[in-house]
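So the structure is just underneath, and the comments pick up after that.
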Amino acid sequence: MDDGKPTGPQAKWWSRPTRRAAHPEPAGGPAPANAPEPEEPAAASAAPDQAPAAPVPAVPDQAAAPADEPGGQAVPRPRTSGQPMHEPDEYSTPPYGGPGPWAPAPPVQRPTPAHGTVVPPGAGGPSPQYPATNGAGIPAPAPPPAPAPAPHPAPADGHTPPHAQPAGSFAAPQPAPADAFPPPHAAPTDTYAAPPPQPQAHANAQQPAHPAPGQQHQQTQWLQYDPWGAPGQPFTRPGPPEGAEPGRKKKRRGGAFVGVLLLALVASGIGGGVGAYIERNGGLTTVELPQAGRDNGDRAPDSVAGIAASALPSVVTLHVTGTAESGTGTGFVLDGQGHILTNNHVVAPAGSSGDITVTFSTGETASAELVGKDSGYDLAVVRVRGVSGLKPLPLGNSDNVRVGDPVVAIGAPFDLSNTVTSGIISAKQRPITAGGEKGDGSDISYVDALQTDAPINPGNSGGPLVDSQAHVIGINSAIRAADSGTGPESGGQSGSIGLGFAIPINQGKRVAEELISTGKATHPVIGVTLDMKYTGDGAKVGTKDADGGPAVAKDGPADKAGIKSGDVITQVEGQRVHSGEELIVKIRAHRPGDDLDLKLTRGGEERTVTLKLGSASGT
């Protein structure tokens, strides 16, 4: 239908004129200072084969005149002086009214809420359309739809005006014409800077129900990000009320995290403690293992414990101190008068002016004095005074001992008082010699000993060797050491190897009685001097004595029995004799005055003689 407008080829609805005729500046002078300067959108959808152009600010002096026709086409024309920049527009064409049919689309706002998040330009991909909302995420009321513009023919001056577009739609920006007036101000450096705020009605304009073909792509591109359109889920959530502290929520989160961390640490510590307790104690409950009840402590009298309980109160420890040396040994109580029997080599360090201290099993101590000693038997007797409640240790009979009988040794090895060891009698009548440190033989002791495997060590010397009835059957005197052979305990030998030797109590009893009675002991003798260098089997009578006299004492027991110098004695009381030491040991095992049978050889012939033992004073 022809309505009287110029006719001509119609441009496509998304086209813009590629060139514009230059327009002279209106006679009225420049535009008012307060005239608005709308900008093109920051980004727009171009034609399918054309990339979007950079935003170009509108030229102030080329403000579009109101549409001349009802259809809404506008033709730029010179503006006279005093005339307003825009005539009243019945279609409310921007910037004074609502979106018009040809006006450029309102620029995309990039609002920054008071406490929200700035939305970056061009963010997001295609997104669904949401109703418009305000900055706080509350949907804004939709304005009434604008009237649909009618198409108009091209103007007569050859310029193709832009076609009207639906309200609220956005047109793709076009490059500025080459002959356009330059803008009075330089373009902003930030091409993404937000344009001046537009009226709310423009931003909330609704889209047409059915866009024209080819327009849907442009609308979708422009609507893929709408900062006001997410219902209930705006991109920029409303911040807290003005004046509220924005960091308080973060602080609450930090406090909650610290609390959870502390709780985890405490829980792990408690768990570790409980686990360690369970591991060490085997569970959360107290472990109680089965155990026998207490008894009254009674033991069989013939057991080691019973023997020790009976004998210990009568055993003492001696500490001896002299001018040159000191020593420790053991002894036992003989009677209620305070007499104590021990070894000679235990008290020897005291000499004639040393001190002897006795310590009882209860820990009480008392000073002791020497009563008598004999080096040939290695026995001595001391006495304590002013001590009451002494318990004498009963004496047994060493002749009744048999090999294999159980025995218990009590003493203070290495000064460890009240030490009890046990064993058996491993042999009898072991001829041993001890001492000899002086070199003249005066300190040598000859013992027809009881051998035991009960451990005996230095410090056990002088202690009792008791039988199963707690009776003394021997006095512990020597040990055999693995490093240096036989020797006295005072020789500093090594510990026990299971070869201990004790003086039989029968011999010790006689010597102790003599020492208590006279202070000296007597030795049984036959009246001969032996050749100690003889290496043959038996004991050989020498040719001279120590003073150069005859080897057989005149009118002595041997002289009366017919023994001569050079005879070899091979047996005593039916027991074989292999050396001179053994002969002395066998003779001293008897008392003076006892009759003794001897077997000897003279010139290859054996002879048997009987003699009565004589007596000699000991030292």
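If you read the sequence from its start, that first residue is 1, and numbering goes on from there. Owing to the predicted nature of the structure, the values given are computational and were not obtained by experimental measurement. No hydrogens, no waters, no symmetry mates; every other heavy atom, side chains included, goes into these values.
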key: Over 12 foreign heavy atoms within 6.0 Å of CD, Glu573   = yes
remark   = Shortest non-hydrogen pair, Pro524 vs Leu613, comes out as CB-CD1, 3.8 Å
key: Where Ala521 and Leu515 come nearest, the two heavy atoms and their spacing   = N-CD2, 3.9 Å
key: Shortest non-hydrogen contact between Asn457 and Ser496, atoms and distance   = OD1-N, 2.7 Å
query = Going by an N to O cut-off under 4.0 Å, is there a salt bridge joining Asp537 and Arg576?
reply = yes
ask   = Just checking, is any N or O donor in the side chain of Thr522 or Glu514 under 3.5 Å from an acceptor N or O on the other one?
value = yes
query = If you measure from CD1 on Ile563 to CG on Leu600, what distance do you get to the nearest 0.5 Å?
reply = 6.0 Å
inquiry  = How long is the straight-line distance from CG of Leu334 back to CD1 of Ile340, given to the nearest 0.5 Å?
reply    = 8.0 Å
ask   = Just checking, is any N or O donor in the side chain of Asp453 or Ser426 under 3.5 Å from an acceptor N or O on the other one?
value = no
Pair His471-Asp467, side-chain donor/acceptor within less than 3.5 Å = no
key: Minimum heavy-atom distance between Gly527 and Ala558, given as atom pair plus value   = O-CB, 4.3 Å
query = Measuring from Leu379:CG to Ile503:CD1, what's the distance to the nearest 0.5 Å?
reply = 4.0 Å
ask   = Which of these passes salt bridge (Lys or Arg N to Asp or Glu O under 4.0 Å) with Lys612: Asp597, Asp595, Asp594?
value = Asp595
key: Asp415 and Thr328 side chains, donor-acceptor separation under 3.5 Å   = no
key: Counterpart residues, salt bridge (charged side-chain N to carboxylate O under 4.0 Å, His left out), relative to Glu606 (two or more places apart)   = none
request  = Could you tell me which non-hydrogen atom of Asp559 sits nearest to which non-hydrogen atom of Ala553, and how far apart they are?
outcome  = CB-O, 3.3 Å
query = Which heavy atom in Ala589 sits nearest to a heavy atom in Asp448, and how many Å separate them?
reply = CB-OD2, 3.8 Å
Lys428 atom NZ, over 12 foreign heavy atoms within 6.0 Å = yes
ask   = Do the charged groups of Lys586 and Glu582 touch, with an N to O distance under 4.0 Å?
value = no
query = Just checking, any donor-acceptor pair under 3.5 angstrom between side chains of Thr543 and Ser565?
reply = no
message = Less than 4.0 angstrom from a charged side-chain N to a carboxylate O is my criterion; do Asp567 and Arg602 meet it?
response = yes
inquiry  = In the structure I gave you, are the side-chain heavy atoms of Phe360 and Thr317 within less than 4.5 Å of one another anywhere?
reply    = no
request  = Could you tell me whether the side chain of Ile425 reaches within less than 4.5 Å of the side chain of Ile473, counting heavy atoms only?
outcome  = yes
request  = Might you work through the side chain to side chain donor-acceptor pair (under 3.5 Å) test for Asn506 and Ser398, ending with a clear yes or no?
outcome  = CA-CA 6 Å; Asn506 290 359; Ser398 55; 3.2 Å; yes
task = Start with the C-alpha gap between His590 and Leu596, add the side-chain angles, then the distance that decides, and say whether side-chain contact (heavy atoms from CB on, under 4.5 Å) holds.
result = CA-CA 9 Å; His590 299 273; Leu596 196 66; 3.7 Å; yes
query = Between Asn343 and Tyr377, is any pair of side-chain heavy atoms under 4.5 Å apart?
reply = no
Side chains of Ile410 and Asn418 in contact at under 4.5 Å (non-hydrogen atoms) = no
query = Would you call Asp374 and Asn344 a side-chain contact if the rule is heavy atoms closer than 4.5 Å?
reply = no
